[in-house]
Student: 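Got a structure for you, questions after.
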Amino acid sequence: EAQVTQNPRYLITVTGKKLTVTCSQNMNHEYMSWYRQDPGLGLRQIYYSMNVEVTDKGDVPEGYKVSRKEKRNFPLILESPSPNQTSLYFCASSFSIGRDYEQYFGPGTRLTVT
Amino acid sequence: GNSVTQMEGPVTLSEEAFLTINCTYTATGYPSLFWYVQYPGEGLQLLLKATKADDKGSNKGFEATYRKETTSFHLEKGSVQVSDSAVYFCALCDSSYKLIFGSGTRLLVRP
């Protein structure tokens, strides 16, 4: 089954404790991205990657890091999480970058930073 | 910059009622327009899309028409079901291939 998977689905952590949210897709997609969803703000892009070893900042990159060492994986790293990073996070992928390419979303990771 | 504005929710309807969720956009050039749906506890799924002016996207009884003159892409369905309860996001993809989302509209359909 074609899908985007994220782990963990739920995470509660404390300020400053480094964490990684994994994202993996099995569709051989080139393009992957991370979004955060906050009430009243819709989805905002954090980082994106157009291919292996090619990443770039989205609209809200502060406090996050990413890497793309393999085509299928695109982990999101929070080196020193803070309470304002409490949010619902989505990973997405698409075959390529372009106006007509559908993005496929993972199920989401709900992160709470206390 | 480019942006998408959706009507605020929640929208509460009875089953079989007519649905309209308004969406307007601001963009340079000719963006593609999308409606995504998010069911409870799940990620977003593409519902329908339109890539040029006057195109109509449709899926699962939902429709939306790309209106360049009014910069709108309103979502409609003639008869909603309880299973349509979800959050609906309007989005555009601009010339930099970036997907820009509206804030989402929650729909609640009561039996």
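Only this structure's heavy atoms are used, side chains among them; waters, hydrogens and symmetry mates stay out. Residue numbers begin at 1 in each chain, while the letters A, B, ... track the order of the sequences.
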Student: Examine Tyr88(B) and Leu48(B) and state if one hydrophobic cluster contains both, with Ile, Leu, Val, Met, Phe, Trp and Tyr joined whenever side-chain heavy atoms are less than 4.5 Å apart.
Tutor: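 Yes; tracing contacts between hydrophobic side chains, which count when under 4.5 Å, links both residues.
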Student: When clusters are formed by joining ILVMFWY residues with side-chain heavy atoms under 4.5 Å apart, either directly or through shared neighbours, do Phe101(B) and Leu33(B) land in the same one?
Tutor: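 No, it is not one cluster - the side chains of Phe101(B) and Leu33(B) are not joined through contacts under 4.5 Å.
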Student: Would you mind checking which part of Leu41(A) comes under 4.5 Å of any heavy atom in chain B, side chain (CB onward), backbone (N, CA, C, O), both or neither?
Tutor: backbone
Student: Can you give me the closest heavy-atom contact between Leu44(B) and Phe105(A), atom names plus distance?
Tutor: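 Minimum heavy-atom contact is O-CB, 3.4 Å.
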Student: If you define the side chain from C-beta out and look only at heavy atoms, does anything of Leu88(A) sit under 4.5 Å from Gln38(B)?
Tutor: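 Side-chain contact under 4.5 Å: yes.
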Student: Check the surroundings of atom CE in Met50(A): do more than 12 heavy atoms from other residues, nucleotides or ligands lie under 6.0 Å from it?
Tutor: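 Incorrect, the count does not exceed 12.
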Student: For Gln81(B), I'd like to know if atom CD has over 12 heavy atoms of other residues, nucleotides or ligands within 6.0 Å.
Tutor: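 Correct, the count exceeds 12.
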Student: In terms of hydrophobic clusters joined by side-chain contacts under 4.5 Å, are Leu46(B) and Val37(B) together?
Tutor: no
Student: If you tally heavy-atom pairs under 4.5 Å against chain A, which of Gly41(B), Gly104(B), Pro31(B) wins?
Tutor: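 Top count of heavy-atom pairs under 4.5 Å with chain A: Pro31(B).
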Student: Determine the minimum heavy-atom distance between Gln37(A) and Phe89(B), stating which atoms define it.
Tutor: NE2-CZ, 3.2 Å
Student: Are Phe90(A) and Val4(B) joined in one hydrophobic group, where the rule is that I, L, V, M, F, W and Y side chains link up if heavy atoms are under 4.5 Å apart?
Tutor: no
Student: Heavy-atom pairs under 4.5 Å with chain B - which of Tyr101(A), Tyr104(A), Tyr35(A) has more of them than the others?
Tutor: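 Top count of heavy-atom pairs under 4.5 Å with chain B: Tyr35(A).
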Student: Does atom CD of Glu16(B) have more than 12 heavy-atom neighbours from other groups under 6.0 Å away?
Tutor: no
Student: Heavy atoms under 4.5 Å from chain B: which residues of residues 54-62 of chain A carry them?
Tutor: Asp59(A)
Student: Under a 4.5 Å heavy-atom cut-off, does chain A meet the side chain of Gln45(B), its backbone, both or neither?
Tutor: neither
Student: Taking all non-hydrogen atoms of both residues into account, name the closest pair between Gly40(A) and Ser103(B) and its distance.
Tutor: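 Between these two residues, the closest heavy atoms are O-CB, 3.4 Å.
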Student: With a cut-off of 6.0 Å (strictly less than), are more than 12 heavy atoms of other residues, nucleotides or ligands near OH of Tyr30(B)?
Tutor: no
Student: Could you list who else is in Ile77(A)'s hydrophobic cluster, with ILVMFWY side chains joined at under 4.5 Å, directly or through other members?
Tutor: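 Via sub-4.5 Å side-chain contacts, Ile77(A) links to none.
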Student: Around atom CZ of Arg110(A), are there more than 12 heavy atoms from other residues, nucleotides or ligands closer than 6.0 Å?
Tutor: no
Student: Would you compute the distance between atom CG of Leu99(B) and atom OG of Ser94(A) and round it to the nearest 0.5 angstrom?
Tutor: 9.0 Å
Student: Measuring heavy-atom distances to chain B, does Tyr48(A) have an atom under 4.5 Å in its side chain, in its backbone, in both, or in neither?
Tutor: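 Neither part; nothing is under 4.5 Å.
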Student: Do the side chains of Leu75(B) and Phe34(B) join up, straight or via other hydrophobic residues, at under 4.5 Å, putting them in one cluster?
Tutor: no
Student: Quick one: which of Arg9(A), Gln103(A), Gln45(A) has the most heavy-atom pairs under 4.5 Å with chain B, could you say?
Tutor: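 Sorted descending by pairs with chain B, the first entry is Gln103(A).
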